[in-house]
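Presented below is the structure to which this report refers.
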Amino acid sequence: MAETADMLEDDYVVTINSTTTRNSQANAIVERAHQMIGNMVCTFFEDNPDLDEKDPFAGLLSAVAFETIATVHTTLQATPGQLVFGRDAILNMDFESDWATIKNRKQRLINQTMFARMRIEKHTRML
């Protein structure tokens, strides 16, 4: 583990930032993906009660993979496929990411959330 951390830091200038339950927003995208996968699996098994014993997940994994890269992220206003590959996954169109706008939109949402939390904390202290 230490060798991997050193390689990430030295070669890619990536610093490791551990997450905790106090900083659960760092896992938001992962939790959203888990929710989407769980919903698709439940729906798949409800719609297909008679599964093939040799390959019960036939068709499900490709559907989950497509859903993962084709779902529009509400904060980014783009799909992961558009951001990574510069193309739309459904339509044969180029996509150019405006990273400055994305950064400003994310920061504005963070500021709104922080302001709302501060107002709630202030209000609860007054009670």
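- Partners of E67 according to the side chain to side chain donor-acceptor pair (under 3.5 Å) rule, which considers only residues two or more places apart in sequence or in another chain, are T71.
- In this structure, CD1 in I110 is found 12.5 Å from CZ in R105, a value given to the nearest 0.5 Å.
- A salt bridge is absent between R117 and E121: the closest approach of a Lys/Arg side-chain nitrogen to an acidic carboxylate oxygen does not fall below 4.0 angstrom.
- Other residues, nucleotides and ligands contribute more than 12 heavy atoms inside 6.0 Å of the CD atom of Q112.
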Tell me, with the steps shown, if L60 and F44 meet side chain to side chain contact (heavy atoms under 4.5 Å, CB included). CA-CA 7 Å; L60 176 66; F44 179 77; 3.7 Å; yes
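- A distance of 9.0 Å separates CE in M118 from NZ in K122, rounded to the nearest 0.5 Å.
- Under the 4.5 Å side-chain criterion, counting only non-hydrogen atoms from C-beta, I102 is in contact with L83.
- Two residues are said to be in side-chain contact when any heavy atoms from C-beta on lie closer than 4.5 Å; F66 and I90 meet this criterion.
- Residues M36 and T68 come closest through the heavy atom pair CE-OG1, 3.2 Å.
- With hydrophobic clusters built from ILVMFWY side chains whose heavy atoms lie under 4.5 angstrom apart, L61 does not share a cluster with I69.
- Annotation for Q82 and S97: closest pair O-OG, 4.2 Å, computed over non-hydrogen atoms.
- Residues that satisfy the side chain to side chain donor-acceptor pair (under 3.5 Å) test with R87, not counting sequence neighbours, are N92, D94.
- Not counting sequence neighbours, T43 has no partner by the side chain to side chain donor-acceptor pair (under 3.5 Å) test.
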Would Q35 and N39 count as a side chain to side chain donor-acceptor pair (under 3.5 Å) if you check the C-alpha gap in whole Å, the side-chain angles of each, and the deciding distance to 0.1 Å? CA-CA 6 Å; Q35 181 184 20; N39 290 341; 5.5 Å; no
